[in-house]
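Note sheet for the following structure.
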There are 2 protein chains.
Amino acid sequence: MHNIIVCYICTVKLMQMKDLLHLSEQVCFPVYVLAKEIISHYKPFLDGLDLTYPQYLVMLTLWENDKQTVNELGEKLTLDSGTLTPLLKRMEVKEFVSRIRSSKDERVVHVSLTDKGKLLKEKAACVPGQLMESMNVSIEDLTILKNIITKISKK
Amino acid sequence: MHNIIVCYICTVKLMQMKDLLHLSEQVCFPVYVLAKEIISHYKPFLDGLDLTYPQYLVMLTLWENDKQTVNELGEKLTLDSGTLTPLLKRMEVKEFVSRIRSSKDERVVHVSLTDKGKLLKEKAACVPGQLMESMNVSIEDLTILKNIITKISKK
DNA sequence: AGCAACCAAATTGTGCACAATATAATTGTG
DNA sequence: CACAATTATATTGTGCACAATTTGGTTGCT
């Protein structure tokens, strides 16, 4: 832990103005690569559940709070209807969710878990643990990553 | 800086088993969102260059080292030919790159910058600075992020 | 030389991701 | 009550991203 901190401080202190232009390139690209890496680590476990990563995110959201509108899902996952509508239709074909248009306001579509979708939660329970093992990362590192992203993203 | 470090240590110490189980979701989802956020911050600047973010990555790679094979680009950017071939064809139509099949080994395609592609480097020089301003993030935070991702990704 | 491995790109197919637009329903205002 | 503004979802079009397969070329082995 201490070594990491010393490393941060040294890196920051040693940075010259010249490097400033270069730095943002070297930061944004690794984030983009890491996101793809993470999804590829999920893949073997999610394959067993017949879910893609974005579909898994929808299931996580619904397991936490069943019956949500497309809009609510989109806000929580930062996805628009152009992405969610076809994705949810594929999940409906697999019978993990049902899409029911509201009778009160017919513009609204409610997305709910089917029994099969609810049951899948048990099978998915081991995914986080398996993932952590597969990524082979320490809790400390993950926590640092989580905190720094939270700080940067909250803008 | 010191506050952040104290915060990490406290967070790690205070974590409960229940939180540990969901740590992967608390990290992986934010990474996925941050990657999308960064690309959306690039968009207004890259629109002015008539480049998408993955196309910009190809240009960065070629500006650093002109004339590379599809394979070399794919390794540096972690993209396969199914992604790169159509992407490079679109960049060829825009006349930023040329694709020339090797005469020595006709399986190999060399990708080079056109004059227009080389000239674009001047116009792109201000992108990193503009992006930093648009994201409104400190160099210290970016450095921490970069270091922790480098540590996690190198596996 | 002949032929099996191997290799580099391209192709095909599925699934996001998002901008722009369309459609239809609801709400607010005079 | 009419009607403009707003809202929620769907649709369309473009561009990745990656797995699986194909095509054609090269290399190594006997």
Side-chain angles (χ1 to χ4, degrees), chain A residues 29 32-44 46-47 49-59 68-94 96-111, chain B residues 29 32-44 46-47 49-59 68-94 96-111:
Chain A
F29 178 60
Y32 159 84
V33 172
L34 180 62
K36 292 197 297 175
E37 252 179 56
I38 288 175
I39 292 176
S40 77
H41 271 95
Y42 268 107
K43 192 166 189 310
L46 295 184
D47 277 352
L49 306 179
D50 193 21
L51 289 173
T52 65
Y53 182 68
Q55 288 170 12
Y56 174 65
L57 293 179
V58 168
M59 293 304 278
Q68 300 191 48
T69 67
V70 174
N71 217 15
E72 286 167 341
L73 290 173
E75 265 174 43
K76 285 174 189 166
L77 302 176
T78 66
L79 293 171
D80 76 355
S81 69
T83 303
L84 280 175
T85 298
L87 186 153
L88 292 168
K89 282 181 178 173
R90 282 186 288 271
M91 293 178 73
E92 195 179 28
V93 170
K94 291 193 261 195
F96 290 139
V97 301
S98 60
R99 294 162 62 251
I100 296 167
R101 194 167 290 277
S102 165
S103 51
K104 269 189 240 156
D105 183 342
E106 299 214 350
R107 292 169 308 175
V108 175
V109 170
H110 294 288
V111 182
Chain B
F29 177 61
Y32 159 83
V33 173
L34 180 62
K36 292 197 298 174
E37 251 179 56
I38 290 175
I39 291 175
S40 77
H41 271 95
Y42 268 108
K43 190 163 190 316
L46 295 185
D47 278 352
L49 306 180
D50 193 21
L51 290 173
T52 64
Y53 182 69
Q55 288 170 13
Y56 174 65
L57 294 179
V58 169
M59 292 305 277
Q68 300 191 49
T69 68
V70 174
N71 219 14
E72 286 167 342
L73 289 173
E75 265 174 43
K76 285 175 189 165
L77 302 177
T78 67
L79 293 171
D80 75 356
S81 69
T83 303
L84 280 175
T85 297
L87 185 153
L88 291 169
K89 282 181 179 174
R90 283 187 288 271
M91 293 178 74
E92 195 180 28
V93 169
K94 291 193 265 196
F96 291 138
V97 302
S98 60
R99 294 161 62 250
I100 295 166
R101 193 167 291 276
S102 165
S103 52
K104 270 190 239 155
D105 183 343
E106 299 214 350
R107 294 170 304 176
V108 176
V109 170
H110 293 288
V111 182

Nearest whole angstrom, please: distance from the P of C/dA9 to the CG of B/L79. 14 Å

Reading nucleotides 24-29 of chain C 5' to 3', which nucleotides get B (base under 4.0 Å from a protein heavy atom), which S (sugar-phosphate only), which -? BBS---

Residues in side chain to side chain contact (heavy atoms under 4.5 Å, CB included) contact with A/D50, at least two apart in sequence or another chain: A/K94, A/F96

Considering every strand shown, what is the Watson-Crick or G-U wobble mate of C/dG30 when both distances are under 3.5 Å? D/dC1

With heavy atoms under 4.0 Å as the rule, sort A/D80 into base, sugar-phosphate or nothing. base

Measure the NE2-CD1 distance between B/H41 and B/I38 for me, rounded to the nearest 0.5 Å. 9.0 Å

Counting any heavy atom closer than 4.0 Å, what does B/S102 reach on the DNA or RNA strands: base, sugar-phosphate only, or nothing? nothing

Measuring from A/K104:NZ to A/H110:NE2, what's the distance to the nearest 0.5 Å? 7.0 Å

Does OP1 or OP2 of C/dA8 have a side-chain N or O of B/R101 closer than 4.0 Å? no

More 5' along DNA chain D: A/L88 or B/T78, using each one's nearest nucleotide? A/L88

Residues passing the side chain to side chain contact (heavy atoms under 4.5 Å, CB included) test with A/K43, sequence neighbours excluded, are A/D47

Are OP1 or OP2 of C/dA9 and a side-chain N or O of B/S81 less than 4.0 angstrom apart? no

What is the nucleic acid contact for A/T69, judged by heavy atoms within less than 4.0 Å: base, sugar-phosphate only, or nothing? sugar-phosphate

Is A/T52 touching bases, backbone alone, or none of the nucleic acid, heavy atoms closer than 4.0 Å? sugar-phosphate

Would you please classify the geometry between the A/Y42 ring and the A/Y56 ring as parallel, tilted or perpendicular, with 30° and 60° separating the classes? tilted

B/D47 CG to C/dA19 C1', straight-line distance once rounded to whole Å: 10 Å

Heavy-atom nearest nucleotide on DNA chain D taken for B/L87 and for A/K43; more 5' hit belongs to B/L87

Anything under 4.0 Å to a heavy atom of chain B counts; send over the first and last such nucleotide of DNA chain D, read 5' to 3'. D/dG15 to D/dT26

Could you pull out all residues at least two apart from B/R107 that satisfy salt bridge (charged side-chain N to carboxylate O under 4.0 Å, His left out)? B/D105

Take B/L49 and B/L46 through the side-chain contact (heavy atoms from CB on, under 4.5 Å) test and state the conclusion after the steps. CA-CA 5 Å; B/L49 306 180; B/L46 295 185; 4.2 Å; yes

Donor-acceptor pairs under 3.5 Å, side chain of residues 77-84 of chain B to any protein atom, not counting sequence neighbours: which ones?
residue, atom, partner, partner atom, Å
B/T78, OG1, A/K36, NZ, 3.1
B/D80, OD1, B/G82, N, 3.1
B/D80, OD1, B/T83, N, 3.1
B/D80, OD1, B/T83, OG1, 3.4

Show your working on side-chain contact (heavy atoms from CB on, under 4.5 Å) between B/M59 and B/V97 and close with a plain yes or no. CA-CA 9 Å; B/M59 292 305 277; B/V97 302; 4.3 Å; yes

